[in-house]
Amino acid sequence: MDDAHRFLMEYARRFNEGNATGDLSGAAGMRTEDARLLWRAPDMDPIEGRIASAGEAIPIGATIEFSDVEQDGDGIRAHITGRGFPAGEVAGIARFTLQGDKIARLEVDLDTPLRRT
């Protein structure tokens, strides 16, 4: 397992543990203070802003995992799967821009709707 894969596995672990309890400080410690998020799904307008303020878009108890991780310079690209969303399981591509060893930007493009139709 390479560094990029380890990094995302740790981020998913911290996020999942924190989202189960409502305390996302562990995952926040892996991001820059002003980290940005762009979240797109086919059934909703894009969500863009600070990652710290976008947490309300993710239901408490939802989990994420990453696969097919690729590192490219100061970025990481991976397939993301989320469980526990209103539509059930969601999937797409996540792109992380790093600043040193912290996440500065996260873009998520989902292939599946977030909401039940």
Side-chain angles (χ1 to χ4, degrees):
M1 185 181 313
D2 63 15
D3 289 343
H5 196 233
R6 273 191 289 280
F7 182 85
L8 291 189
M9 295 309 105
E10 179 63 13
Y11 185 73
R13 182 189 72 75
R14 290 183 187 195
F15 176 87
N16 293 339
E17 285 178 3
N19 204 37
T21 64
D23 177 8
L24 290 167
S25 60
M30 295 182 71
R31 302 186 301 248
T32 62
E33 189 173 311
D34 61 345
R36 306 293 293 174
L37 169 74
L38 176 56
W39 182 284
R40 294 180 281 247
D43 63 334
M44 58 187 286
D45 291 334
I47 297 171
E48 189 164 14
R50 291 186 58 232
I51 292 177
S53 62
E56 62 272 7
I58 300 173
I60 296 291
T63 61
I64 58 170
E65 63 183 50
F66 299 102
S67 60
D68 302 325
V69 178
E70 300 173 7
Q71 185 156 13
D72 180 26
D74 64 350
I76 300 172
R77 181 181 185 278
H79 185 265
I80 184 171
T81 302
R83 292 179 180 80
F85 288 80
E89 184 172 300
V90 298
I93 300 296
R95 292 173 200 82
F96 294 82
T97 302
L98 302 180
Q99 190 173 62
D101 62 349
K102 301 227 182 221
I103 299 165
R105 182 170 176 84
L106 169 57
E107 293 183 35
V108 178
D109 288 297
L110 295 178
D111 301 325
T112 52
L114 274 175
R115 301 182 185 117
R116 286 202 164 110
T117 55

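Scope of the values below: all heavy atoms of this structure, side chains included, with no hydrogens, waters or symmetry mates.
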I'd like to know whether CG of D2 has more than 12 heavy-atom contacts from other residues, nucleotides or ligands below 6.0 angstrom. yes
For A62 versus G84, what's the shortest heavy-atom pair and its separation? CB-O, 4.0 Å
What's the shortest heavy-atom distance between Q99 and A104, and which atoms? CB-CB, 3.9 Å
Close side-chain approach of N19 and T63, heavy atoms under 4.5 Å: no
Any donor-acceptor pair under 3.5 Å linking the side chain of N16 with the backbone of A12? yes
What verdict does the side chain to side chain contact (heavy atoms under 4.5 Å, CB included) test give for Y11 and R31, after you've listed the backbone C-alpha separation in whole Å, the side-chain angles of each residue and the deciding distance to 0.1 Å? CA-CA 9 Å; Y11 185 73; R31 302 186 301 248; 3.0 Å; yes
Any donor and acceptor pair, going by atom type alone, linking the side chain of D68 with main-chain N or O of H79 inside 3.5 Å? no
Nearest non-hydrogen partners of I60 and A20, listed with the distance: CG2-O, 4.3 Å
Is the shortest heavy-atom distance from the side chain of W39 to the side chain of L106 under 4.5 Å? no
Heavy atoms, side chains only, cut-off 4.5 Å: are K102 and E33 in contact? no
F96 and I47: same hydrophobic cluster, using ILVMFWY side-chain contacts below 4.5 Å? yes
Evaluate ring pair (Phe, Tyr, Trp, His ring centres under 6.0 Å) for F15 paired with F66, printing each intermediate quantity in order. CA-CA 12 Å; F15 176 87; F66 299 102; 9.0 Å; no
With rounding to the nearest 0.5 angstrom, report the CZ to CG distance, R77 to L8. 12.5 Å
If I take atom CG from residue L37 and atom CZ from residue R105, how far apart are they, to the nearest 0.5 angstrom? 8.0 Å
Do L38 and I64 share a hydrophobic cluster (ILVMFWY, side-chain heavy atoms under 4.5 Å, transitive)? no
How many angstroms lie between atom CD of E65 and atom CE of M9, to the nearest 0.5 angstrom? 8.0 Å
Can you find a pair of side-chain heavy atoms, one from F7 and one from L98, that are under 4.5 Å apart? yes
Passes side chain to side chain contact (heavy atoms under 4.5 Å, CB included), I103 versus T97? Steps please. CA-CA 6 Å; I103 299 165; T97 302; over 6 Å; no
For a side chain to side chain donor-acceptor pair (under 3.5 Å) check, start with the C-alpha distance between T21 and D23, then their side-chain angles and the critical distance, and finish with the verdict. CA-CA 5 Å; T21 64; D23 177 8; 5.3 Å; no
For a quick test of reading the model, state the closest non-hydrogen atom pair linking V69 to A78 and the distance between them. CG2-CB, 3.9 Å
Would you name the heavy atoms of R40 and P46 that are closest together and state the gap between them? CG-CB, 4.0 Å
Does E48 CD have over 12 foreign heavy atoms under 6.0 Å away? yes
In sequence, state the C-alpha distance, the side-chain angles, and the governing distance for R6 and E10, and then conclude on salt bridge (charged side-chain N to carboxylate O under 4.0 Å, His left out). CA-CA 6 Å; R6 273 191 289 280; E10 179 63 13; over 6 Å; no
